[in-house]
Amino acid sequence: MEYIIMHETSKYMRLRLRKGHITASQAEILRYVLEGQQGVSGIRIYPASGSISFFCEKERGKILYKLKRLQFHNVEMFARELDNRISTEELSRRKLSPEVKNRLRRKVLIETVADLLMPVPLQVGYHAYQLVTLRDL
C-alpha cells in the first residue's frame, strides 16, 4: 500500500493514502487489519481524504513495514464482498409473496412424500443431484 506520512510523533502517526478517497467498506476493512496489528492502540480513518491516524506504542517500524507490504487490491476485493452482502435488517424487511410460500410448501410436501416412499439409494442419488445443481447459488 502506498502512503505518505503527513504527521508523526513518538506515539502518533497520520498517513495519507496515495490512492486518495476510500469507501466506507474499504475503511472498515482497513480498520480491521490495522487494529489487529501489535502495537496499535487506537485508530481513526478519514474516508473522504484517505487518511489514517493511529496511536502506536513502540513498534512503529514494524507497523510501517506491514503497511508497506499490504496489498490494497485485497482491501478492495474484501470491500466489494462486504458491499454485496445482505444485511440482517434487509432480510427481516423482505417478505415472501403468498404464491411463493404455496410453491415452497408444495415442494417440501412432495419431497417429504418422495423420501418416505423411495428406497435409500434413490434418495441419496436424488439429494446428491440437488446439491450439484444448486452449487452456484
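Just so it is clear, the values below take in all heavy atoms, side chains as well, and ignore hydrogens, waters and symmetry mates.
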**OP:** Answer yes or no: is there a side-chain heavy-atom contact under 4.5 Å between Tyr126 and Met118?
**Re:** yes
Are Ile43 and Arg31 packed together at the side-chain level, in the sense that at least one heavy-atom pair is separated by less than 4.5 angstrom?
yes
(Q) Between Ile63 and Phe54, is there a side-chain heavy-atom distance shorter than 4.5 Å? (A) yes
>> Do Ile5 and Leu64 make a side-chain contact, defined as non-hydrogen atoms from C-beta onward lying under 4.5 Å apart?
In response: yes
Legend entry - Distance-only side-chain donor-acceptor flag, Glu76 / His73, under 3.5 Å: no
Applying side chain to side chain contact (heavy atoms under 4.5 Å, CB included) to Tyr32 and not counting sequence neighbours gives none
Heavy-atom side-chain proximity of His127 to Asp115 below 4.5 angstrom: yes
The side chain to side chain contact (heavy atoms under 4.5 Å, CB included) partners of Lys11 (sequence neighbours excluded) come to none
- Message: Counting neighbours of OH on Tyr65 that are heavy atoms of other residues, nucleotides or ligands and sit closer than 6.0 Å, is the number greater than 12?
- Response: no
Are the side chains of Tyr12 and Ser53 in touch, meaning some heavy atoms are under 4.5 Å apart? yes
Salt bridge (charged side-chain N to carboxylate O under 4.0 Å, His left out) filter on Glu81, not counting sequence neighbours, yields none
Could you check whether any side-chain heavy atom of Ser51 comes within less than 4.5 Å of a side-chain heavy atom of Met6, counting everything from C-beta outward? no
Original post:
Between Gln130 and Glu111, does any side-chain donor sit less than 3.5 Å from a side-chain acceptor?
Top reply: yes
Check your understanding: Is the number of heavy atoms from other residues, nucleotides or ligands within 6.0 Å of CZ (Phe78) greater than 12?
Key -> no
Taking the side chain as every heavy atom from C-beta outward, state whether Arg18 and Ile4 have any pair of such atoms under 4.5 Å apart.
yes
